[in-house]
Amino acid sequence: MVVSHLRTTVRTRVAGLLAAAVAGIALTAVEPAPQAAHADACDGTSGVTVVVDFTAFGGDVEAACAPGDPDTGLAALQDAGFAVEGTLRWGLAFVCRLDGLPAPDVEPCIDTPQATGYWSYWHAASGGDWEYSDKGVLNYDPAPGSIEGWSFGGSTPPSIPAP
């Protein structure tokens, strides 16, 4: 009788663990994945093109399209598929990390990063010159057809011309 009760208890626990594992897998499968960056600049005035220059980290310059008419520079950056992290003190009002860069051991993103190592924010018309933003990412409303630029390392514009 003790063995029978023990088997029932083990079966119940195994069944509970199995059910929890299946539920966890189901929740993981349902959770939406982060949006991947679009492959190219927007066509005409169909959205806002976002250019992120990762060359300071040994990467490439990526151009992506934020479809429609994003309300802020932050929305354009996120809608184009870039992962954005702000600072502990300022939240997303101060962009500290894009697509995981700089790494947390280089910049902990607690407060405003150093003047020689931050993501600078730029604007341009298609084919025009980059202009340093005089507004923050939450206070700027990019127009459809415009170009947003991001470059790391101080106040140097993206290393490619505005598309």
Problem - Contact summary for A75 and T72, nearest pair of heavy atoms - result: N-OG1, 2.9 Å
Problem - Residue pairs involving residues 150-163 (criterion side chain to side chain donor-acceptor pair (under 3.5 Å); sequence neighbours excluded) - result: D53-S159
Handout entry: Joint cluster assignment, L101 & V51, ILVMFWY side-chain distance < 4.5 Å
Key = no
Exercise for the section: List the atom of T49, the atom of C42, and the distance in Å for their closest heavy-atom pair. Expected result: OG1-N, 2.9 Å
Fill in the blank from the handout: What one should report as the nearest heavy-atom pair of P161 and W130 is C-NE1, 4.0 Å
Exercise for the section: Grab the two heavy atoms, one from A124 and one from A162, that are nearest each other, plus how far apart they are. Expected result: CB-CB, 3.5 Å
Exercise for the section: Please name the pair of heavy atoms, one in A80 and one in A64, separated by the smallest distance, quoted to 0.1 Å. Expected result: O-CB, 3.5 Å
Problem - Student check: side-chain heavy atoms of L77 and V52 closer than 4.5 Å - result: yes
Handout entry: Ring centroid separation W119 to F54 under 6.0 Å
Key = yes
Residues 88-96, side-chain donor-acceptor partners within the protein, below 3.5 Å, at least two apart:
residue : atom : partner : partner atom : Å
R89     : NH1  : D111    : OD2          : 3.2
W90     : NE1  : D111    : OD1          : 3.1
W90     : NE1  : T112    : OG1          : 3.2

Exercise for the section: List the atom of P70, the atom of A76, and the distance in Å for their closest heavy-atom pair. Expected result: CB-N, 3.6 Å
Completion exercise
By salt bridge (Lys or Arg N to Asp or Glu O under 4.0 Å), E85 pairs with (sequence neighbours left out) R97
Do any side-chain atoms of residues 140-148 form donor-acceptor pairs under 3.5 angstrom with protein atoms, and if so which ones, sequence neighbours left out?
residue : atom : partner : partner atom : Å
S146    : OG   : A143    : N            : 3.4
S146    : OG   : A143    : O            : 2.5
E148    : OE1  : Y121    : OH           : 2.3
E148    : OE2  : H123    : ND1          : 2.7

Practice task
Could you note down all residue pairs passing disulfide (SG to SG under 2.5 Å) where residues 132-163 supplies at least one of them, sequence neighbours left out?
Solution key: none
Handout entry: Pairs touching residues 113-135 that satisfy salt bridge (charged side-chain N to carboxylate O under 4.0 Å, His left out), sequence neighbours left out
Key = none
Problem - Within one Ile-Leu-Val-Met-Phe-Trp-Tyr cluster: W122 and L138, side-chain cutoff 4.5 Å - result: no
Practice task
Nearest 0.5 Å please: distance from the CG atom of N139 over to the CG atom of L74.
Solution key: 11.0 Å
Practice task
Report whether F152 and I110 are members of the same hydrophobic cluster (ILVMFWY, side-chain heavy atoms less than 4.5 Å apart, transitive linking).
Solution key: no
